[in-house]
Structures are given as structure tokens and as C-alpha cells.
Amino acid sequence: MTHHEAKVGHLQPIDELLLDDEAIAEQVMKVKQDRNAVILVHNYQRPEVQDIADLTGDSLGLSREAARTEADVIVFCGVHFMAETAYILSPEKVVLLPEMSAGCPMADMATAEEVLKVREEHPGATVVSYVNTSAAVKAVSDYCCTSANAAQVLEAVEGDEILFVPDRNLAVYAASYVDKKVIPWDGFCPTHEYITKEQVEQSLEEHPEAEVIAHPECRSEVLEMAHHVRSTSGMLDTVVLSPAREFIVATESGMLYPLSRVAPDKKFYPVAGEPICPNMKLTTLSKVLWALQTLEPRVTVPEDTRVRALRAVERMIALG
Ligand code: SF4
């Protein structure tokens with residue numbers, strides 16, 4: 001035995017030092033109560049993280065529900081703009097993002113400075129920002145929207161020229177429902193952008209009885225093949241109501257877990273290629289526990305930005 005091997009032999013294997021998921025989840029529940037915290041979990045998160053949620057869903061829905069609770073602390077298991085959105089609606093609460101580096105590449109494709117510059121080039125345009133934007137971008141927008149209500153927001157806002165930030169795929173999809181000039185920002189979600197028509201065809205060959213349910217962040221050629229185009233919360237309602245027994249799911253593969261929970265008697269297949277958002281997978285149970293124990297890392301938004309971003313969200317809500 002070498003000197004090095006002898007030293008290593010004295011160490012405890014790392015997995016003996018670590019608690020299993022169940023033990024960590026139990027601790028999370030205890031510390032959560034002490035902190036009077038609410039745990040919000042996006043539909044794309046790891047299954048074991050979804051299992052400790054007080055609320056699961058999409059980003060704006062979760063933030064709105066959390067704002068109505070008496071909790072002192074929000075733990076947002078998702079990505080950075082989601083925690084910002086929670087803070088915009090609940091500045092009196094401590095908002096924690098268990099993994100601070102969990103960002104959204106699509107949200108990063110638009111900065112407030114860039115949006116202001118394009119606004120100048122289109123002085124008459126109304127600016128509608130998808131919720132997948134930073135607080136700073138929301139603050140320079142007229143309205144916010146979600147993937148569920150994008151077309152209704154485009155229809156309801158004043159003006160016939162609309163700058164839609166940042167998702168070009170959602171912009172084109174929503175614009176197909178309205179008779180207005182929509183200028184799409186050139187952004188996209190890499191996870192959805194790389195789902196191809198060929199992958200959908202391959203999945204349909206493998207599961208010919210299945211219906212395709214796709215998120216509107218997918219490219220139009222994929223959406224054209226879908227039986228249903230839905231936001232993540234819309235998908236949950238649709239699979240329950242649809243008479244179909246099998247679905248090919250064209251969105252981030254984490255969605256299969258909540259779908260299987262709401263419709264356990266139906267079959268769900270990830271679209272070929274099994275798209276994953278690496279940022280959504282960064283949050284683990286241990287990080288949630290650490291965040292609750294330390295009340296870090298926190299997400300805040302400067303007050304002037306928060307107030308202007310809130311205005312864009314409230315104007316969307318006022319549209320009904
Ligand atoms: S799935 Fe796409 S839009 Fe959602 S967080 Fe990941 S990169 Fe952003």
C-alpha cells in the first residue's frame with residue numbers, strides 16, 4: 001500500500017457522510033417551519049425537489065400565490081429571473097435562490113439598455129416583455145406577459161405596433177392570433193430551440209397513438225406539428241381533460257414528472273433528444289436546506305427598478 005492509499009483509506013467514503021434525499025427532505029421541512037418559509041418549485045425542477053414544494057407551477061403563478069401567503073421567507077427553486085419576480089411582488093419577504101448561478105440564457109439575451117435603444121428606434125411601439133426577463137427589462141417595458149396569456153395581452157394592449165421581448169418563437173406564435181405588427185426580439189430558449197421537427201417525427205413513429213403537446217417556446221415548425229400548444233400549467237390541465245392516453249412532451253423533460261402526477265393513468269414520453277435545461281437542474285435538496293439554514297443567497301431588486309417592473313406586471317393583470 002502506498003502512503004497515498006493509506007491516507008485515503010482513513011477517510012470516510014463521501015456518500016456515508018452525506019444524508020440521503022429522504023433525510024434531507026425531513027430537515028428541510030423542520031427548518032422551513034422555523035423560518036416560516038414557503039417553497040416554490042418550478043415544473044422543470046428535479047423530482048425530489050418538486051416533492052418538497054408547497055407550491056409548484058410556472059414562475060408568475062408561483063410568485064403571485066406566494067405573495068398571498070403569510071410566509072416571511074420564499075425559497076424559489078428555479079432560475080434567477082423567477083426569484084426576482086417573487087421579490088417584485090413580495091419585497092417585504094426574504095427571497096432565496098438556492099443556487100445563485102442558476103440563470104436563464106433566454107432572459108440574458110435582452111438587457112434594459114438594449115430594449116431602451118430599440119424603443120427609441122420604434123417610438124410608437126408598445127413593449128411587451130415575457131416574464132422570462134430580468135427585473136431591469138420588465139422595468140423598461142409597458143406590459144409583462146406569460147406563455148399562457150401572450151396572445152391575449154397582444155390583443156388587449158394599446159397600439160398596433162408591439163415590440164415583443166425576448167422570445168422570438170413565442171412572439172411569432174402569439175402574433176399569429178392577432179392583427180397587429182409584432183416585432184420579435186431575437187432571443188430564444190436554447191432548450192426549446194433545439195427541439196427539431198425530425199425529433200417530433202421520430203417520436204411519433206415510436207408512439208403513433210400519442211398526441212404531441214408542445215410549449216410555445218419551440219420553433220414554429222415544431223408547433224405546427226403539435227396537437228396542443230400550451231404553457232406548463234396549461235399542459236397539466238390539457239392532459240387531464242384530453243381523451244388521449246399517450247403524449248409526446250415537447251418541452252423541458254422535467255415536465256414529465258408533474259404530468260405523470262396529475263394523470264397517473266396516462267403515458268408521457270419526452271420528445272426524442274430529451275431536452276434538459278441545465279440551469280433548472282442546478283437546485284438540489286442540499287442547496288435548499290443550506291439556503292433555509294443560512295437565509296442565503298438572497299435575491300433583491302433595487303426599489304426604483306422593482307416599482308417600475310411591478311407596474312408592467314400589474315398592467316398585465318389589469319388587462320384580465
Ligand atoms: S428552460 Fe429555457 S426559458 Fe426556461 S430557464 Fe431554461 S433556458 Fe430559460
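Treat the numbers as computed from the prediction; the structure is a model and nothing was measured.
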*Asks:* Once you round to the nearest 0.5 Å, how far does CD1 of I213 lie from NE2 of H227?
*Replies:*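 The distance works out to 11.0 Å.
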*Asks:* Give a yes or no on whether a salt bridge exists between D265 and R245, defined as a side-chain N under 4.0 angstrom from a carboxylate O.
*Replies:*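 R245 and D265: salt-bridged.
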*Asks:* Does any part of the side chain of L319, heavy atoms only, come nearer than 4.5 Å to the side chain of V153, both counted from C-beta?
*Replies:*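 Side chain of V153 against side chain of L319, heavy atoms only: contact under 4.5 Å found.
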*Asks:* Hey, are the side chains of Q293 and L289 touching, using non-hydrogen atoms and a 4.5 Å cut-off?
*Replies:*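 Answer yes - side chains close enough.
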*Asks:* Step by step, would you call K197 with E221 a salt bridge (charged side-chain N to carboxylate O under 4.0 Å, His left out)?
*Replies:* CA-CA 6 Å; K197 191 172 158 235; E221 64 191 54; over 6 Å; no
*Asks:* Do any N or O atoms from the side chain of T305 and from the backbone of V301 form a donor-acceptor pair under 3.5 angstrom?
*Replies:*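 Between the backbone of V301 and the side chain of T305 there is no qualifying donor-acceptor contact (under 3.5 Å).
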*Asks:* CG/L259 to CE/M235 distance, rounded to the nearest 0.5 angstrom?
*Replies:*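 Atom-to-atom, L259:CG and M235:CE are 7.0 Å apart.
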*Asks:* Could you check whether any side-chain N or O of N149 sits under 3.5 Å from a backbone N or O of T146, counting only pairs where one atom can act as donor and the other as acceptor?
*Replies:*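 Indeed, once roles are kept as given, a pair shorter than 3.5 Å links the two residues.
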*Asks:* Is K32 reaching over with its side chain to a backbone N or O of D54, donor-acceptor style, under 3.5 angstrom?
*Replies:*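 Not confirmed, K32 side chain does not pair with D54 backbone.
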*Asks:* Check whether more than 12 heavy atoms from other residues, nucleotides or ligands sit under 6.0 Å from atom CD of E303, and answer yes or no.
*Replies:*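 Counting neighbours around CD of E303, more than 12 heavy atoms of other residues, nucleotides or ligands fall under 6.0 Å, so yes.
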*Asks:* Please work out which of the three classes, parallel, tilted or perpendicular, describes the rings of H215 and H192, given edges at 30° and 60°.
*Replies:*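 Rings of H192 and H215: tilted, as their planes differ by 30° to 60°.
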*Asks:* Among the clusters formed by ILVMFWY side chains lying less than 4.5 Å apart, do F76 and L96 turn up in the same one?
*Replies:*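 No, F76 does not connect to L96 through the hydrophobic network.
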*Asks:* So does K281 get a backbone contact from the side chain of R46, meaning a donor-acceptor N/O pair under 3.5 Å?
*Replies:*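 The answer is yes, because a donor-acceptor pair under 3.5 Å joins these two groups.
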*Asks:* Looking at every non-hydrogen atom in both residues, tell me the closest pair between E70 and N36 and how far apart they are.
*Replies:*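 Closest heavy-atom pair between E70 and N36: O-ND2, 3.2 Å.
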*Asks:* Any heavy-atom pair between the side chains of R35 and D72 that's under 4.5 Å?
*Replies:*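 The answer is no, as the side chains (C-beta and beyond) never meet within the 4.5 Å cut-off.
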*Asks:* Can you tell me how far apart CZ (R306) and CD1 (I88) are? Round to the nearest 0.5 Å.
*Replies:*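 Reported to 0.5 Å precision, the distance equals 8.0 Å.
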*Asks:* When you look at CG of D179, are more than 12 heavy atoms from neighbouring residues, nucleotides or ligands closer to it than 6.0 Å?
*Replies:*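 Counting other residues, nucleotides and ligands, CG of D179 stays at 12 neighbours or fewer.
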*Asks:* Quiz question: by atom type and distance under 3.5 Å, do the side chains of D51 and Y257 form a donor-acceptor pair?
*Replies:*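 Yes - a donor-acceptor pair under 3.5 Å links their side chains.
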*Asks:* Is V165 close to V127 at the side-chain level, that is, under 4.5 Å between some pair of heavy atoms?
*Replies:*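 Result yes, sub-4.5 Å side-chain heavy-atom pair found.
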*Asks:* Does D142 offer a backbone N or O that forms a donor-acceptor pair with the side chain of R315 under 3.5 Å?
*Replies:*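 Judged by distance alone, yes, a pair lies under 3.5 Å.
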*Asks:* Linking I/L/V/M/F/W/Y whenever their side-chain heavy atoms sit closer than 4.5 Å, directly or via other members, would V222 and M255 fall into one cluster?
*Replies:*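 Looking at the clustering, M255 is in a separate group from V222.
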*Asks:* Output yes when E113 and K117 qualify as a salt bridge under the 4.0 Å nitrogen-oxygen rule, no when they do not.
*Replies:*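 No.
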*Asks:* Are R219 and E224 close enough for a salt bridge, meaning some N to O gap below 4.0 Å?
*Replies:*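 Answer for the salt bridge query: no.
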*Asks:* Out of curiosity, M82 CE to T85 OG1, how far, rounded to the nearest 0.5 Å?
*Replies:*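 Here the rounded value is 8.0 Å.
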*Asks:* Output, in order, the C-alpha distance, side-chain angles, deciding distance and verdict of side-chain contact (heavy atoms from CB on, under 4.5 Å) for Y130 and S147.
*Replies:* CA-CA 7 Å; Y130 186 25; S147 53; 3.5 Å; yes
*Asks:* Taking atom types as modelled, find out whether E206 and Q202 have a side-chain donor-acceptor pair closer than 3.5 angstrom.
*Replies:*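 Side chains of E206 and Q202: pair found under 3.5 Å.
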*Asks:* Hey, does the side chain of K138 reach the backbone of R308 with a donor-acceptor pair shorter than 3.5 angstrom?
*Replies:*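 Absent.
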*Asks:* Any luck finding a side-chain donor-acceptor pair between Q152 and Y177 under 3.5 Å?
*Replies:*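 No.
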*Asks:* Do you see a donor-acceptor pair shorter than 3.5 Å between the side chains of E92 and Y87?
*Replies:*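 There is no such pair between these side chains.
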*Asks:* Begin with the C-alpha distance, continue with both residues' side-chain angles, and end with the deciding distance and a verdict on side-chain contact (heavy atoms from CB on, under 4.5 Å) for L163 and V128.
*Replies:* CA-CA 6 Å; L163 174 63; V128 175; over 6 Å; no
*Asks:* For atom CD of Q33, is the number of surrounding heavy atoms from other residues, nucleotides or ligands below 6.0 Å larger than 12?
*Replies:*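 No, not enclosed.
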*Asks:* When you measure from the side chain of W185 to the backbone of A171, do you find a donor-acceptor pair of N or O atoms at a distance under 3.5 Å?
*Replies:*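 No, the answer is negative, given that no donor and acceptor are paired below the 3.5 Å cut-off.
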*Asks:* Between H228 and F247, what is the ring plane arrangement, given parallel below 30°, perpendicular above 60°, and tilted in between?
*Replies:*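 The rings of H228 and F247 sit tilted, inter-plane angle from 30° to 60°.
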*Asks:* V313 and C144: which non-hydrogen atoms are nearest, and at how many Å?
*Replies:*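 For V313 and C144, the tightest heavy-atom pair comes out as CA-CB, 4.0 Å.
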*Asks:* By the definition side chain to side chain contact (heavy atoms under 4.5 Å, CB included), identify the one residue from C189, S231, P216 that meets it with L170.
*Replies:*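 Result: among C189, S231, P216, P216 is the only option passing the side chain to side chain contact (heavy atoms under 4.5 Å, CB included) with L170.
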*Asks:* Tell me whether V131 shares a hydrophobic cluster with V182, the cluster being built from Ile, Leu, Val, Met, Phe, Trp, Tyr side chains joined at under 4.5 Å.
*Replies:*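 Yes, same cluster.
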*Asks:* Between OG of S141 and CZ of R119, what distance do you get to the nearest 0.5 Å?
*Replies:*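 It comes to 7.0 Å.
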*Asks:* With a 4.5 Å cut-off on side-chain heavy atoms, are V249 and S253 touching?
*Replies:*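 The answer is no; the side chains never approach within 4.5 Å.
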*Asks:* Hydrophobic cluster membership, with links at side-chain heavy-atom distances under 4.5 Å among I/L/V/M/F/W/Y: are V41 and L292 in one?
*Replies:*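 Linked within one cluster.
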*Asks:* Assess the residue pair F81 and N132 against the criterion (side-chain contact (heavy atoms from CB on, under 4.5 Å)); give the C-alpha distance rounded to whole Å, side-chain angles, the decisive distance to 0.1 Å, and a yes or no.
*Replies:* CA-CA 6 Å; F81 78 82; N132 296 32; 3.3 Å; yes
*Asks:* Is a side-chain N or O of Q45 found less than 3.5 angstrom from the main chain of Q50, in a donor-acceptor match?
*Replies:*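 A pair under 3.5 Å: no.
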*Asks:* Answer yes if the side chains of S233 and D58 hold a donor-acceptor pair under 3.5 Å, and no otherwise.
*Replies:*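 Yes, a side-chain donor-acceptor pair sits under 3.5 Å.
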*Asks:* V200 versus L204: any side-chain heavy-atom pair under 4.5 Å?
*Replies:*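 A side-chain contact exists here, since the closest heavy-atom pair is under 4.5 Å.
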*Asks:* Looking at E121, I'd like to know if its CD atom is crowded, meaning that more than 12 non-hydrogen atoms belonging to other residues, nucleotides or ligands lie closer than 6.0 Å.
*Replies:*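 Above 12, so yes.
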*Asks:* For a quick test of reading the model, state the closest non-hydrogen atom pair linking A67 to L89 and the distance between them.
*Replies:*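 Reported closest heavy-atom pair: CB-O, 4.0 Å.
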*Asks:* Grab the two heavy atoms, one from A250 and one from I195, that are nearest each other, plus how far apart they are.
*Replies:*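 Taking every non-hydrogen atom into account, C-CD1, 3.9 Å.
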*Asks:* Answer with yes or no whether the hydrophobic clustering places V31 together with V75; edges join I, L, V, M, F, W, Y residues whose side-chain heavy atoms lie under 4.5 Å apart.
*Replies:*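 In one cluster with V31: V75, yes.
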*Asks:* Indicate yes or no for a side-chain donor-acceptor contact from T133 to the backbone of S129 under 3.5 Å, with no hydrogens or angles considered.
*Replies:*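 No.
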*Asks:* In the structure I gave you, are the side-chain heavy atoms of E201 and T196 within less than 4.5 Å of one another anywhere?
*Replies:*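 They are not in contact (no side-chain heavy atoms under 4.5 Å apart), so the answer is no.
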*Asks:* For a quick test of reading the model, state the closest non-hydrogen atom pair linking A110 to P166 and the distance between them.
*Replies:*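 In terms of heavy atoms, the two residues are closest at CB-CB, 4.0 Å.
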*Asks:* Check step by step if side-chain contact (heavy atoms from CB on, under 4.5 Å) holds for I39 and V28.
*Replies:* CA-CA 10 Å; I39 301 179; V28 166; 3.6 Å; yes
*Asks:* Using modelled atom types and a 3.5 Å cut-off, is there a donor and acceptor pairing between side-chain atoms of T126 and backbone atoms of E158?
*Replies:*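 Here the side-chain-to-backbone pair exists.
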*Asks:* Testing the basics here: between A102 and L282, what is the closest heavy-atom pair and its distance to 0.1 Å?
*Replies:*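 Closest approach of A102 to L282, heavy atoms only: CA-CD1, 3.8 Å.
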*Asks:* So for atom NZ, which belongs to K180, do other residues, nucleotides or ligands contribute more than 12 heavy atoms lying within a distance under 6.0 Å?
*Replies:*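 Atom NZ in K180 is crowded, with more than 12 foreign heavy atoms closer than 6.0 Å.
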*Asks:* Roughly how far, to the nearest 0.5 Å, is the CD1 atom of I74 from the CZ atom of R298?
*Replies:*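 Rounded to the nearest 0.5 Å, the CZ-CD1 separation comes out at 12.5 Å.
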*Asks:* Between Y44 and T251, is there a side-chain donor-acceptor contact under 3.5 Å, judged purely by atom types and distance?
*Replies:*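 Distance-only check passes for T251 and Y44.
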*Asks:* Is it true that E161 and K181 make a salt bridge, defined as a side-chain N closer than 4.0 Å to a carboxylate O?
*Replies:*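 Yes, charged N to carboxylate O under 4.0 Å.
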*Asks:* I want to check something: taking the side chain as every heavy atom from C-beta on, are V288 and T283 in contact at a cut-off of under 4.5 Å?
*Replies:*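 Sidechains of T283 and V288: in contact.
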